[in-house]
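Side-chain atoms are counted along with the backbone in the values below, which use heavy atoms only and exclude waters and symmetry mates. Every chain is numbered from 1 and lettered A, B, ... according to where its sequence line falls, protein lines coming before strand lines.
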There are 2 protein chains.
Amino acid sequence: MASALGEGSLSRVERKERTRRAILDTALDLSADTSLVAVSLRQVAKEVGIVPTAFYRHFASIEALGLELVDESFVSLRAVLRDVRRPEPSLKQLIDASVDVLAEHVEVRRAHFGFIARERVAGPPAVREAVRHQIELVERELATDIARIPGTEAWSSDDLRVLSKLMVTSMVATAEALILAGRPEVTTDIKDQARTQLRMVLVGALNWKSQG
Amino acid sequence: MASALGEGSLSRVERKERTRRAILDTALDLSADTSLVAVSLRQVAKEVGIVPTAFYRHFASIEALGLELVDESFVSLRAVLRDVRRPEPSLKQLIDASVDVLAEHVEVRRAHFGFIARERVAGPPAVREAVRHQIELVERELATDIARIPGTEAWSSDDLRVLSKLMVTSMVATAEALILAGRPEVTTDIKDQARTQLRMVLVGALNWKSQG
DNA sequence: ACACTGAGAGTACAGACGTACACCGAACCC
DNA sequence: GGGTTCGGTGTACGTCTGTACTCTCAGTGT
């Protein structure tokens, strides 16, 4: 319950934006313990504190709302990932920095990551597709990052693809683990495991190539 | 539609079992394009060709039905995995055999694997928990398998855990990819990638340990 | 000052939902 | 042969769903 859209004299666009945000946040919250497909327009409206039909002033459907959530989730994630590779990195730096940044980002945007993890496999079809597409973009970006690192020039593009896929898969799994972990020191355990996994993969990729 | 439970004079328990299977299969089918949380008791009943209230003669709820599906999915998977390690294996054999067996199993039980992939993150809470538990068991079994392989005696149990987690994560991702792949030669690509990934991981784990 | 725009309210409806209850009739056991 | 068991039926309920329609009225541009 508790709409509390707040009062005070705001401009019309401000009011609309505020309601829109409330809808997005509420949908994120309501989908958290199953999936967006189990969230109804009416639930969202009631929680936000508007009448059901007012929902349509902002989104054509729950599915459209979901696509918006996918976008805003990845926009912020990819911005952060871009920061990771600002300095031209060594591989070790890339790993440590990536894990830290991922963990930090998951912490502060837990809801968005949970959303992505769920809807990736269980959302409305269009939402599912959007998530997969975004993840593929991240994979591609990672591949070009790796390619720019000294010592990897000789790798085939296939190998790069496979490696970056594996790393992203591992990071997604790490994010899932971080999400469902309670707050405590479990988090640092998971981060340690993630670093170890990525290092294993990395060492493997290097030696695997050099020994044909 | 199309119940077609068939006729002929069957015993009462046979009839009951037949209906029960139809319910399980129908639920599996209906959940395939979102999640079990979006499947209603009435949908299932209508598809099976029974009246809604008759559902209760077999399951207390959709959630209980889901737990049953989790069980039967993993029973068959773990039976197959047990076969993989029948011969005392080398690591390379373990990888190749595992990938082949996984792919084969995914092919023939596509619906069950899809179900697990989805409900793992987006199912009813109890179902989600059951899937996670089963996956953890598989991780543990894999860890003890690896520990029995010559050359891995010196590894710490932590390293074993991390490695098997990584391998299982990779295999789950592979299964997901296989499921949503169309039939064609994409499948063999995915299998190749999976083998490469596992080899990378493997080589990495070996060299990583030896070089402290 | 005034007409306009548009977010939200209010009402309404047909359909789907889970579930309670009484009932049936064929397979079952003695 | 006669009573019992039990899978499946039929009806009925209150609730929730998406969406169509009309209405209100405060912020806006002229």
In this structure, how many angstroms lie between the C1' atom of dG7(D) and the CZ atom of Arg21(B), rounded? 18 Å
Given dA9(C), dC28(C), dT9(D), which nucleotide is nearest the side-chain atoms of Ser11(B)? dC28(C)
Round to the nearest Å and state the distance from Lys16(A) atom NZ to dT5(C) atom P. 15 Å
Output the rounded distance in Å from CZ (Phe55(A)) to P (dA9(C)). 14 Å
Output the rounded distance in Å from CZ (Arg20(B)) to C1' (dC6(D)). 16 Å
Which nucleotide sits closest to the side chain of Ala54(A): dA9(C), dT19(D), dG18(C)? dA9(C)
Taking dC17(C), dG18(D), dG8(C) as options, the one with an atom nearest any side-chain atom of Thr19(A) is dG8(C)
Student check: side-chain heavy atoms of Leu30(B) and Thr26(B) closer than 4.5 Å: yes
How close or far is atom P of dG25(C) from atom CZ of Arg15(B), stated in whole angstroms? 16 Å
Toward the 5' end of DNA chain D, which comes first, Ile62(A) or Arg12(B), by nearest nucleotide? Arg12(B)
dA20(C), OP1 or OP2 - any side-chain N/O from Thr53(B) closer than 4.0 Å? no
If I take atom CD1 in residue Ile23(A) and atom P in nucleotide dG8(C), what distance separates them, rounded to the nearest angstrom? 7 Å
When you measure from the side chain of Arg128(B) to the backbone N and O of Arg120(B), does any donor-acceptor pair fall under 3.5 Å? no
I want to confirm an ordering. Mapping Val13(B) and Val39(B) to their closest nucleotides on DNA chain C, which one lands closer to the 5' end? Val39(B)
Pair listing, side-chain hydrogen bond (donor to acceptor under 3.5 Å, both in side chains) test, anchored in residues 28-38 of chain B, at least two apart: Ser31(B)-Arg118(B), Ser35(B)-Glu119(B)
Counting only distance, no hydrogens or angles, is the base of dG8(C) paired donor-acceptor with the side chain of Arg57(A) under 3.5 Å? yes
Flag the pair Phe113(A) / His105(A) as yes when their ring centroid distance falls below 6.0 Å, and as no otherwise. yes
Mark yes or no for a side-chain to base donor-acceptor pair under 3.5 Å between Arg42(B) and dG18(C), with no hydrogen or angle criteria applied. yes
In whole Å, I'd like the distance from the CD atom of Gln43(A) to the C1' atom of dC16(D). 9 Å
Can you see whether Gln197(B) engages Ser170(B) through a side-chain donor-acceptor pair at a distance of less than 3.5 angstrom? yes
